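Before any comments, here is the structure.
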Amino acid sequence: MTKPASRQRKIIHIDMDAFFASVEQRDNPQYRGKPLIVGGSPRSRGVVAACSYEARVFGIHSAMPSAHAVRCCPQALFVRPRIDRYREVSQEIMGIFHNITNLVEPLSLDEAFLDVTENSWGECSATRLAEIIRKEIYTATGLTASAGVSCNKFIAKVASDINKPDGLTLIPPEQAEAFVASLPIGKFYGVGKATKKKMLALGIKTGASLRQWTLPDLTFHFGKSGQFFYNISRGLDERPVQPGQMRKSTGRETTLSEDIDDILEIQTILKELAREVGESLCTLHERGFTLTLKVRFQDFTTITRSHTSQIPITSDFDIYTLLPNLLTQVEFYGKKIRLLGVSVGKLTRNDEPHQLLLPFMKKGYLEITSSEKKI
Amino acid sequence: MALKCIIERDHFYEGLNSLQNITSKKGTLAILLNVLIETSNDGLVLTGTDMEIALRIIIPAKILEEGAITIPAKKIFEIVRESGPDSITIEEKENSWVHILTGQSSYNLAGMPGSDFPQFPEYDEDNFISIESYIFQELIEKTIYSIAGEQESVYTLTSVLLRKEVVNDTTKLKMISSDGHRLTVMEKDLPETLEKLQPGETTLIPKRGVQEWKKFCDDHDNFEIALEDKRIILKDDNATMIIRLKDGEFPNYKAIIDAVNQTYCMKIRRQPFLESLKRINLFTEDLFHTISFELESDHMVLSSQNVELGNARDEMSVEYNGQPLKLGFNCRYFIETLQVMEGETVNVYVNSDASPCLLNSDEDQGFISIIMPMHL
């Protein structure tokens, strides 16, 4: 078979529908058809890890505090997550993907990108493959999945969300640009709460308005991400599907519009980076144990300073309280800073088993008050 | 003057062996990887230090010429270890070269001048108290395992806390350690001979110091101890060890112990429990060694799961007076605690799947271990 010189890629994004909740409903018939919440107890400070579609009707969504969820829907059933079980089912599903291509990039237990440009079925139609996969998953596990099919990761991922649950959306390459133009900016990959706010402030509301911006302008405002935004507003996303492990760290970095050495300015930027990384931890439902600060100086020398702790890093507050300590370990030698980066590594999911700490390890608990004794 | 002496192989071997841990710290000054060898009226003095712990040992030797020289501690130890029973002659040559002769073998080893070696700290001879080793041996053995690793960010946890406290009119000597996940306390009645020993509010002995102290106890049945403001000195006729203390605030361990409600207790036989844990641990995941305990009034189910291997389950009879409870734990924490404990039966006080769990035994006076559960 001959290949055209510049080949269009065929990417499928598969996203299981309400995965944890669906597994519970399948394993426990008494949960079926009912608003089901997998997560922390409503009497605890836990959050919703997943919820069934019946629960979503009441406005419940993942990451919502369980105590809040029970107010939205008092009749909702709460069950504790059984991660080992979900992992088992996930392995089964990943196995189905691997029957089709080796280029499988799992994003979490219930989500993956597949590059099916070449596949072991010799099937040219990615849409037909996506249907086969969805059917296979249903036959093997009784669970439904939604698929997005397109020519790159970004569009495939947005597409899989369109006909959810149990749906399939194809965005052919020739429609990619128009599709992106219509998207609200919050749907874009790499646009979290912070960037969204910044974009809205700049008057960027949709893909179409993002498209108006020149590359230098975007780079000025968004640093390295500027190039990425420039490309995806044109429906272009060259990121390859990277088979292998799930993500081990999450981070943000920013090249400054001019080199700085003012400590207040540095702190402001670090605070913003901490906020973005904290937000990303929250969306990923993950916690980390290593914090890394990256500094590139005007002469392009780059250093990193890391801190590993047994106290999990779960929020922007945690990150920002640890940063000053890392910053004091940086030797400036009178040089100005060109780039700052913050990342959190050794990620584990919030709902995975984790070791609890003795009370004095929690912030502000160095002394246990006598009131706790009465518990 | 250039040092020259003859040493019995076994004396030299033992002395150098005791110094190996102290002279092998990574990333230290080159001279600290050496052992200082100097002549004295009593024999040959071997000194090693990592600036936190200093150890000086006197071994018998035939001094032919007085002097002082330093040589790589690891290399001279290896040479002596591989040597036959013949005595060993050491002779300092020009430019700090050292010639070593034993039987038919000879070596030239590059040394550094003795004058480059840090001074052995001076101390007051008057403050020493004689003591039998077993007292500290037991305190150390029962707490050393839960000292935090050197990476720990709450840095006082990288040390053991030494305390003297009066409990119900009896003076107790205590050691306390914690790694943030668990906490261990061992206390013993203070022998009269130790009345003069006055640890401060925060006498913190770093982990490596505790390890060397334990070795010192193992090697000597009796020794003398002096506790100064910033250091502990241990000595007997032939050896002197100085351990620099750390400074800082140790967490309020008493508050944690007091906060554990001791109403609900599981009584379980220690040895079978330990054996069961070792079996269940075969199927835990590498990082956290997660196991679960399902407690009922007369039995407990232990289980573990490993994504790649499968799962394991065991059942033990217990006496338990609380509500049925499911708890998660790091299996290794229980194994390590039960291994240092004594007695036929242990008491495990539990309250909920998120509150500290306390272990003790009526047959192991003075020992308390607290282990935090895992969130499953």
Side-chain angles (χ1 to χ4, degrees), chain A residues 39-41 43-46 49 80-92 94 109 287 289-291 306-313 318 321-322 325-326 346-375, chain B residues 146 148-154 156-157 178-184 248-261 263 284-285 287-292 303-308 310-311 326-333 351-357 370-376:
Chain A
S41 149
R43 286 181 304 278
S44 72
R45 285 158 29 85
R80 283 275 289 274
R82 296 181 298 154
I83 291 295
D84 287 333
R85 178 76 186 117
Y86 311 145
R87 206 176 275 149
E88 256 172 52
V89 181
S90 176
Q91 273 177 0
E92 207 174 335
M94 296 296 164
L109 290 180
R287 52 176 67 211
F289 292 89
T290 302
L291 179 68
S306 290
H307 169 92
T308 299
S309 148
Q310 46 173 308
I311 305 174
I313 301 162
D318 293 349
T321 35
L322 290 170
N325 188 24
L326 290 180
K346 287 202 179 164
L347 295 182
T348 59
R349 285 187 64 89
N350 282 343
D351 41 22
E352 265 179 71
H354 56 269
Q355 175 67 49
L356 301 175
L357 297 165
L358 282 163
F360 61 77
M361 298 294 283
K362 292 168 199 155
K363 292 168 206 87
Y365 273 83
L366 256 168
E367 295 288 316
I368 300 181
T369 55
S370 54
S371 64
E372 275 205 53
K373 212 177 146 176
K374 291 177 193 132
I375 297 171
Chain B
S146 64
E150 280 181 12
Q151 299 301 309
E152 174 53 52
S153 53
V154 182
T156 53
L157 298 184
S178 173
D179 64 2
H181 299 152
R182 51 197 170 147
L183 176 109
T184 315
E249 194 183 345
F250 199 84
N252 185 344
Y253 68 94
K254 272 194 220 155
I256 290 173
I257 295 171
D258 291 347
V260 180
N261 182 334
T263 311
T284 56
E285 303 275 350
L287 191 56
F288 291 125
H289 301 272
T290 316
I291 47 165
S292 82
S303 59
S304 65
Q305 187 161 22
N306 180 299
V307 171
E308 271 131 46
N311 54 58
K326 185 176 178 182
L327 303 162
F329 281 106
N330 182 330
C331 189
R332 282 190 28 207
Y333 292 173
N351 284 294
S352 77
D353 61 359
S355 45
C357 160
I370 287 187
I371 303 176
M372 282 303 287
M374 285 190 70
H375 182 88
L376 290 180

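Because the structure is predicted, anything quoted here is derived from the model rather than measured. We name chains A, B, ... by the order of the sequence lines, and we start the count at 1 in each one.
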(request) Quick one: pull up CZ in A:Arg80 and NE2 in B:His375 and give me the separation to the nearest 0.5 Å. (result) 5.0 Å
Which atoms of [X] are under 4.5 Å from chain A, going by heavy atoms: the side chain, the backbone, both sets, or neither?
X        : result
B:Ile370 : side chain
B:Phe329 : neither
B:Ala354 : both
B:Asp353 : both

(request) Could you verify whether a donor N or O on one side chain and an acceptor N or O on the other, from B:Ser292 and B:Ser303, lie under 3.5 Å apart? (result) yes
(request) Using atom types as modelled and distance alone, determine if a side-chain donor or acceptor of B:Ser178 lies under 3.5 Å from a backbone N or O of B:Leu183. (result) no
(message) Quick one, B:Asn330 and B:Thr290 - any side-chain contact, counting heavy atoms below 4.5 Å?
(response) no
